[in-house]
Amino acid sequence: MDSLASKLTTLTEQAFSALGLPVEHARVAVSGQAESAQFQCNGAMPSAKAAKKNPRQIAEEVIAKLQELDSEGVFASLSVGGPGFINMVVKPSFAEAYLRDLLADAGQGVPVLSSGETVMLDYGGPNVAKAMHVGHLRSSIIGDALRRMMLATGYKAIGDVHLGDWGTPMGQIISELELRHPDWVYFDARFSGAYPKDSPVSMADLEEIYPLASKACKEDEARADKARQATADLQNGRAGYRALWHHFVYVSVTGMKKNFDALGVHFDLWKGEGSVHELIAPMVEKLKAQGLAREDDGALVIDVAFEGDKKEMPPLILYKRDGAVMYGTTDLATLVDRMQENKPSKIIYVVDQRQGLHFEQVFRAARKGGIVPESAELTHAGFGTMNGPDGKPFKTRAGGVMKLEDLIAMGVEKARERLKEAKLAEDMSAAEKEDIAHTVAIAAIKFADLQNNRVADYVFDLDRMTAFEGKTGPYLLYQAVRINSLLKKAAEQGFTPGETFVLPETDISLALILGELPDQIALALKNYTPHVLCDYAFKLAQAFSSFYGSCHILSEPDEALRGSRLALCALTARHLRVILSLLGIAIPERM
RNA sequence: GAUCCCGUAGCUCAACCGGAUAGAGCAACUGCCUUCUAAGCAGUAGGUUGCAGGUUCGAGUCCUGCCGGGAUCGCCA
């Protein structure tokens, strides 16, 4: 399904082509000046220089050609504005026909942007043995939204959680446990039997142990050496350590799933850094054989700097002095794995901006080593940090890192209060109320995050995002629920939405905005910027509210107009449902 | 020190490939609930887009230089 504007672009392309003007300038966009036009084409101005003509004159010629080509009566008016803008107003009948097709579209207005290309998205990235914290929120929310958008537009999208499970922290915990419990069978190097099935440590134990171990290593070099050795031994396959590590992963993933379920974030793959361990040695051998890997100060590295580089580009370390690998190595091996297993045409990393240099190094190494061909896109879709209302990195009142589950609980508590204040959901059961509070809280948190430009830092202000007024998730839920309630009420009176439209002056503005959906989705995906869809959802909800305020629907005596208005309601509701589901936001039945 | 990102209304943020008079929300002010959910709608006010140059028909957007903030720069992730 194309947008309304792209239908018009098809016409202007014909006109441009007939006049010998470059068709790439023929694009029609929604007008920035709603008073003077609905749509505009700016192509006369850039075409003017090459054609050696006055841009206004070109615009006039395009308009004349458009009128000549317009046998179906699309345009109500065409005019030249300013230095050469081609302003367009369409006839209601054109918009009416378009909406009829849109309503009948099997794809619900979602454009098809790919015929099944495989794309992999790397997001979430929680660490084993550590509680998930607010730092994981953005990656999870943005990554999942992009996955949903790509899946809906025809890609074979695969989300991979990419656990942080193979680095130094693992060795720090193992060595800490060995110091505390030297008698455990996991530390008996001569033991060759089966290790216990159940984990000797709980998630709570790990959360307590890790910070202590990490601190001890920072303060004591000998202690740090012990941890380094344990990391290397784990990676090199020491059986007891591996057994213990499997327990860590298991208990951690159980906790993570609870968080991701609460957020409504989905993954297709639960692989981690450790999953690709077997691929590392052959990969490194190949890099050596290619003459790309070299030894440097005891470590094995691959140079990724180029001749014309402006910035310093340190080599990527494959093996540390102590023989252990770092996340650059596992990231590279993960690319080997992905190219072998999934052959994606795009791999998108939704990871903190601060990792920019790291990904540049990994991508360069992957290209150099022939691991990823130039034809496959590698993108680091980075995001800014989440700050508190004071503009500084988000912390608890005590100054510590806030756990994700605590943050979600705070959001739910806030949503509960707001519902009570607004005297909403009063007639419902306690369980249903709780359900709605949760849905509202997640919508608030997700929308607040997604509506910000991905690359910029953003201020996380729970009071503001759960406020039930203005540009918030709850406002959108309210609009969606309100429309559904209206449609239900209409059905009770025996009124059903029509299949055709009648668009008087009062209804045209909403109709035109409904016709933007396909472009908005494509634009959001083009630069991996979900905030475009947030903006659009809000604009649509506002346009609906305005329409709703000025047109009384159920009391409309004209049957055709009433049916058309109900269809506008149904289409708006469907758009909101589609957009919010692309963003990963659920809508309650009622509230 | 080098490199990258950011700087737009009092606050939080938009602005599609460079397009017309830079838009929303919050806060403030004025109206609107005996009809479909007022968590809403209509309206008012609020700007030298950090500063100075440049490129061109046209610059918040591109280029150069400054100022301010953040981040990164080899054995953590």
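In what follows, chains are A, B, ... by sequence order, proteins preceding strands, each numbered from 1.
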Q: Give a yes or no on whether a salt bridge exists between A:R565 and A:E556, defined as a side-chain N under 4.0 angstrom from a carboxylate O.
A: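 Salt bridge: yes.
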
Q. Which pair of non-hydrogen atoms, one from A:E589 and one from A:V481, has the smallest distance, and what is that distance?
A.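 Of all heavy-atom pairs spanning A:E589 and A:V481, the closest is O-CG1, 4.2 Å.
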
Q. Between A:R354 and B:G70, does any side-chain N or O lie under 4.0 Å from OP1 or OP2?
A.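 For A:R354, the contact criterion (side-chain N or O under 4.0 Å from OP1 or OP2 of B:G70) is not met.
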
Q. With a non-hydrogen cut-off below 4.0 angstrom, is A:Y475 in contact with a base, only sugar-phosphate, or nothing?
A.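 If one applies the 4.0 Å heavy-atom cut-off, A:Y475 turns out to touch the sugar-phosphate alone, with no base involved.
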
Q. Looking only at atom C1', what distance separates B:U48 and B:A2, rounded to whole Å?
A.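 Straight-line distance between the two C1' atoms is 33 Å.
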
Q: Could you please name the option among B:A77, B:C73, B:A38 that lies closest to any side-chain atom of A:P169?
A: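 The closest nucleotide is B:A77.
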
Q.
For the C1' atoms, the ones on B:U34 and on B:A45, what distance do you get once it is rounded to whole angstrom?
A.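 Their C1' atoms lie roughly 34 Å apart.
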
Q.
Output the rounded distance in Å from CG (A:L476) to P (B:G40).
A.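 From A:L476 CG to B:G40 P: 11 Å.
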
**Q.** Spacing of the P atoms in B:C51 and B:G7 (rounded, Å)
**A.**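 One P to the other, the span is 13 Å.
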
Q | Atom-to-atom span, NE2 of A:H380 to P of B:C5 - whole angstrom | A |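 The answer, rounded to whole Å, is 13 Å.
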
Q) Taking O4'-C1'-N9-C4 for purines and O4'-C1'-N1-C2 for pyrimidines, is B:C17 syn (within 90° of 0) or anti? A)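 Syn for B:C17; the angle stays within 90° of 0.
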
Q.
With a 4.0 Å limit, can you tell me whether A:T168 has a side-chain N or O closer than that to the phosphate oxygens OP1/OP2 of B:A77?
A.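 The answer is yes; a side-chain N or O of A:T168 sits under 4.0 Å from OP1 or OP2.
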
(Q) Expressed as a whole number of angstroms, how long is the span from A:L4:CG to B:C16:P? (A)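 One finds 21 Å between P of B:C16 and CG of A:L4, rounded.
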
Q. When the P atoms of B:C4 and B:C62 are considered, how many whole Å apart are they?
A.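 Approximately 14 Å lies between the P atom of B:C4 and that of B:C62.
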
**Q.** Verdict with reasoning, A:E417 to A:E413, per side-chain contact (heavy atoms from CB on, under 4.5 Å)
**A.** CA-CA 6 Å; A:E417 277 172 34; A:E413 175 58 34; 3.7 Å; yes

(Q) To check you understand the geometry: which heavy-atom pair defines the closest contact between A:A129 and A:S252, and what is its length? (A)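 Of all heavy-atom pairs spanning A:A129 and A:S252, the closest is N-OG, 2.9 Å.
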
Q) If each of A:D322 and A:N453 is mapped to the nucleotide of RNA chain B with the nearest heavy atom, which maps nearer the 5' terminus, i.e. the 5' end? A)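 Closer to the 5' end of RNA chain B: A:N453.
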
Q) How far, in whole Å, is B:C29 from B:G10 if one measures between their C1' atoms? A)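 So the two C1' atoms sit 15 Å from each other.
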
Q) Out of B:G70, B:U35, B:C16, which nucleotide sits closest to the side chain of A:K526? A)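 The nucleotide sitting nearest to the side chain is B:C16.
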
Q.
Please report the distance, rounded to the nearest Å, between NE2 in A:H133 and C1' in B:A77.
A.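 Distance check: A:H133 NE2 to B:A77 C1' gives 10 Å.
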
Q | Nearest listed nucleotide, side chain of A:K49, among B:C57, B:A14, B:G74 | A |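 Closest nucleotide among those given: B:C57.
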
Q. Checking A:Y536 side chain against A:I513 main chain: does a donor-acceptor pair fall under 3.5 Å?
A.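 Present.
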
**Q.** Side chains of A:Y458 and A:N387, donor plus acceptor under 3.5 Å
**A.**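 No donor-acceptor contact under 3.5 Å links the two side chains.
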
Q. Closest to the A:D297 side chain: B:C75, B:C36, B:C17?
A.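 Nearest to the side-chain atoms of A:D297, counting from C-beta on, is B:C75.
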
Q. What closest approach, in Å, do A:L300 and A:E295 show between heavy atoms, and which atom pair accounts for it?
A.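 Nearest heavy atoms, A:L300 then A:E295: CD1-N, 4.0 Å.
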
Q: Assign A:V301 to base, sugar-phosphate, or nothing according to its heavy-atom contacts below 4.0 angstrom with the strands shown.
A: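 Answer is base: heavy atoms of A:V301 come under 4.0 Å of a base.
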
Q) With rounding to whole Å, what would you report as the distance between B:G58 and B:C67 at their P atoms? A)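 Looking at atom P only, B:G58 and B:C67 are 30 Å apart.
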
Q: Taking atom CD of A:E421 as the centre, report whether more than 12 heavy atoms of other residues, nucleotides or ligands fall under 6.0 Å from it.
A: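 Atom CD in A:E421 is packed in, count exceeds 12.
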
Q.
Classify A:C551 by what it touches in the nucleic acid, base, sugar-phosphate, or nothing, heavy-atom distance under 4.0 Å.
A.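 Base, at least one base heavy atom under 4.0 Å.
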
(Q) Within 90° of 0 counts as syn, otherwise anti: where does B:C33 fall? (A)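 It is syn.
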
Q: Starting from P on B:C36, measure out to CG on A:L566 and report it in whole angstrom.
A: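 Spelled out: CG on A:L566 to P on B:C36 is 15 Å.
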
Q. Say you pick atom C1' in B:G40 and the same atom in B:C33; how far apart are they, in whole Å?
A.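 Here B:G40 and B:C33 have their C1' atoms 10 Å from each other.
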
Q.
Please give the distance between the C1' atoms of B:U72 and B:C66 as a whole number of Å.
A.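 B:U72 and B:C66 have their C1' atoms separated by 23 Å.
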
Q: Have a look at A:D519 and say if it touches a base, only the backbone sugar-phosphate, or nothing, with a 4.0 Å heavy-atom cut-off.
A: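 No contact at all - A:D519 keeps every heavy atom at 4.0 Å or more from the nucleic acid.
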
(Q) Using OP1 and OP2 only, check whether a side-chain N or O of A:S545 sits under 4.0 Å from B:G40. (A)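 Answer is no, no contact under 4.0 Å.
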
Q: Taking the six-membered ring of A:F495 (Phe, Tyr or Trp), confirm whether the NZ or CZ of A:R562 is under 6.0 Å from its centre and within 45° of its axis.
A: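 Yes.
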
Q.
On a heavy-atom basis, which atom in A:R454 and which in A:I142 lie closest, and how many Å separate them?
A.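 So the two residues come closest at CD-CG2, 4.0 Å.
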
Q: Name the residue closer to the 5' end of RNA chain B, choosing between A:H531 and A:K130 according to the nucleotide with the nearest heavy atom.
A: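 Nearer the 5' end of the strand: A:H531.
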
Q) OP1, OP2 of B:G70 versus side-chain N and O of A:T385: anything below 4.0 Å? A)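 A:T385 to B:G70 OP1/OP2: no side-chain N or O under 4.0 Å.
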
Q. What's the OH-P distance between A:Y458 and B:G69, to the nearest Å?
A.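 My rounded result for the distance is 25 Å.
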
Q) If you look at every strand shown and take non-hydrogen atoms under 4.0 Å, does A:V532 touch a base, only sugar-phosphate, or nothing? A)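 Answer is nothing: A:V532 stays at 4.0 Å or more from every strand.
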
Q.
Ignoring hydrogens, what is the shortest heavy-atom contact between A:I86 and A:A59? Give both atom names and the distance.
A.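 Reported closest heavy-atom pair: CG1-CB, 3.8 Å.
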
Q: Could you check which of B:C75, B:C16, B:C13 has an atom nearest any side-chain atom of A:K320?
A: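 Ranking B:C75, B:C16, B:C13 by closest atom to the A:K320 side chain puts B:C75 first.
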
Q) When you look for runs of 3 or more Watson-Crick or G-U pairs in a row, both distances below 3.5 Å, which of them include RNA chain B? A)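 So far as stems of 3 or more pairs are concerned, RNA chain B shows B:1-7 with B:67-73, B:10-13 with B:23-26, B:28-32 with B:40-44, B:50-54 with B:62-66.
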
Q: Would you mind reading off the distance between A:L357 atom CG and B:A77 atom C1', rounded to a whole angstrom?
A: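 After rounding, the gap between these two atoms is 14 Å.
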
**Q.** Over 12 non-hydrogen atoms of neighbours within 6.0 angstrom of CD in A:Q493
**A.**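 For A:Q493, atom CD is crowded (more than 12 foreign heavy atoms under 6.0 Å).
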
Q | Summary of protein contacts for nucleotides 18-25 of chain B, nucleotide by nucleotide, where a base hit scores B, a sugar-phosphate-only hit scores S (4.0 Å, heavy atoms) | A | -BBB--SS

Q: Starting from P on B:C26, measure out to CD on A:Q451 and report it in whole angstrom.
A: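 Computing the A:Q451:CD to B:C26:P distance gives 12 Å.
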
